[in-house]
> 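This is the structure, below, for whatever I ask next.
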Amino acid sequence: MPELPEVETIKRSLEREVVGKEITGLELRRPSLLQDASPKELEAKTTGAKIVRVRRRAKYLIFDLDNHYSLILHLGLEGRLLLDEKEAEEIGLVLHFADGMKLHLDDIKGYSRLFLSPTQGVERLPSLAKLGLEPFTPNYKWESFEKLMRTNQEIKRLLLDQAKIAGVGNIYASEVLYRCRIHPRQLANELTLSEARCLFDEIQKIMEEAIQHRGASVSHYRDIDGSKGEFQNFLKVYGRAGRPCERCRTPIEEIDQGGRGTFFCPKCQPLKEPAKFGMDELF
DNA sequence: AGTATAACCTGTCTGC
DNA sequence: TGCAGACAGGTTATAC
């Protein structure tokens with residue numbers, strides 16, 4: 001469920017609420033949540049440890065502990081972290097802190113995943129190691145981005161590929177393409193330089209705006225205090241099939257791309273035929 | 001190698 | 001009203 005801005009919002013709240021706290025107990029209610037480690041090892045490495053830092057890498061949260069181990073959490077499609085009992089269904093995981101506070105991972109669907117790793121080797125976890133260009137990091141460079149566009153892949157699918165661009169999910173992919181007036185089925189190597197440049201800039205811009213509004217609560221997403229974000233109120237196409245485009249009043253359309261819904265304005269975002277097709281017709 | 005589908009789950013909404 | 005089927009903000013193994 002959460003994309004980069006939502007995870008960043010949660011990360012900032014966790015920095016305020018749990019950094020410095022000692023973990024006194026842990027309930028792993030859905031053991032399948034845990035990857036590459038045994039529940040016993042998880043308990044041994046977390047109980048009695050203090051959280052010294054919370055970080056984010058793309059859509060992953062990283063809790064660094066004072067025993068040189070880290071917990072790495074991905075919230076999947078609908079996972080939420082909630083402090084104390086507020087709305088929490090206590091499915092997944094509960095962390096108990098020395099001051100009596102509890103942090104619940106509430107994830108009915110069960111797509112969340114938890115990893116345990118030495119802090120030193122976190123970035124070598126396969127899931128993290130393969131992540132691509134990430135907004136707000138030094139590797140988010142135009143020269144690298146431009147190279148990513150040299151492929152025959154549909155641009156919307158490419159934006160969702162975490163190995164290429166990390167942190168963009170299904171909401172922001174549609175929104176960014178709308179901002180840049182690019183059809184989601186346009187092939188990446190058919191984009192003009194200025195279209196690609198627009199994507200590069202707008203990806204980071206929209207995420208900045210979304211973070212300022214504490215994420216988009218389209219359905220399930222909540223901050224750790226249970227509060228909704230506000231950015232859903234600023235979405236132009238996602239979830240708006242049939243409603244008029246704010247720019248031209250044409251009804252927003254929804255199409256399927258690789259099993260994911262894509263929303264776009266058919267008039268503002270026309271599919272452009274590659275130049276070579278036009279040439280062929282001349283002969 | 002690089003890209004497209006299927007699968008993982010459960011709750012909720014839609015259409016017949 | 002009831003129920004079958006589709007769909008959900010993600011990632012991954014598997015199949016071309």
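A note on names: the letters A, B, ... follow the listed sequences, proteins ahead of strands, and every chain is numbered from 1.
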> Verify the contact: side-chain N or O of A:Arg157 to OP1 or OP2 of B:dT5, cut-off strictly under 4.0 Å; return yes or no.
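So the side chain of A:Arg157 is within the cut-off, an N or O lying under 4.0 Å from OP1 or OP2 of B:dT5.
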
> Once you round it to whole Å, what is the distance between C1' of C:dA6 and CD of A:Glu254?
11 Å

> Does C:dT11 have its OP1 or OP2 closer than 4.0 Å to a side-chain nitrogen or oxygen of A:His74?
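Result: yes.
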
> Give one of base, sugar-phosphate or nothing for A:Ser112, where a contact means two heavy atoms less than 4.0 Å apart.
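Since no nucleic acid heavy atom lies under 4.0 Å of A:Ser112, the category is nothing.
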
> Could you give the CD-to-P distance, from A:Gln162 to C:dT11, as a whole number of Å?
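Distance, rounded to whole Å: 4 Å.
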
> Indicate whether OP1 or OP2 belonging to C:dG10 is found under 4.0 Å from a side-chain N or O atom of A:Lys59.
yes

> So what does A:Glu154 touch, heavy atoms closer than 4.0 Å: a base, only the sugar-phosphate, or nothing?
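Since no nucleic acid heavy atom lies under 4.0 Å of A:Glu154, the category is nothing.
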
> Determine which pairs satisfy salt bridge (charged side-chain N to carboxylate O under 4.0 Å, His left out) with at least one residue from residues 114-129 of chain A, sequence neighbours left out, and list them in order.
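Of all non-adjacent pairs touching residues 114-129 of chain A, none passes salt bridge (charged side-chain N to carboxylate O under 4.0 Å, His left out).
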
> What do you reckon, do A:Tyr111 and the base of B:dC8 stack, with centroid distance below 5.5 Å and planes below 30°?
yes

> Quick one: stems involving DNA chain C, counted as three or more successive Watson-Crick or G-U pairs, both distances short of 3.5 Å.
B:2-8 with C:10-16, B:10-16 with C:2-8

> Looking at B:dT12, I'd like to know if its phosphate oxygens (OP1 or OP2) sit under 4.0 Å from a side-chain N or O belonging to A:Lys109.
no

> Look at the side-chain N and O atoms of A:Lys164 and state whether any lies under 4.0 Å from the OP1 or OP2 oxygen of B:dT3.
yes

> Ignoring backbone atoms, establish whether A:Arg113 has a side-chain N or O less than 4.0 Å from OP1 or OP2 of B:dC8.
no

> What's A:Gly169 touching, base or sugar-phosphate or nothing? Going by heavy atoms closer than 4.0 Å.
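Result for A:Gly169 = sugar-phosphate.
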
> Check the phosphate of C:dT11 against A:Ser127, side-chain N and O only, distance under 4.0 Å to OP1 or OP2. Yes or no?
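For C:dT11, OP1/OP2 do not have a side-chain N/O of A:Ser127 under 4.0 Å.
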
> Students often get this wrong, so: under 4.0 angstrom with heavy atoms, is A:Tyr60 touching a base, only sugar-phosphate, or nothing?
sugar-phosphate

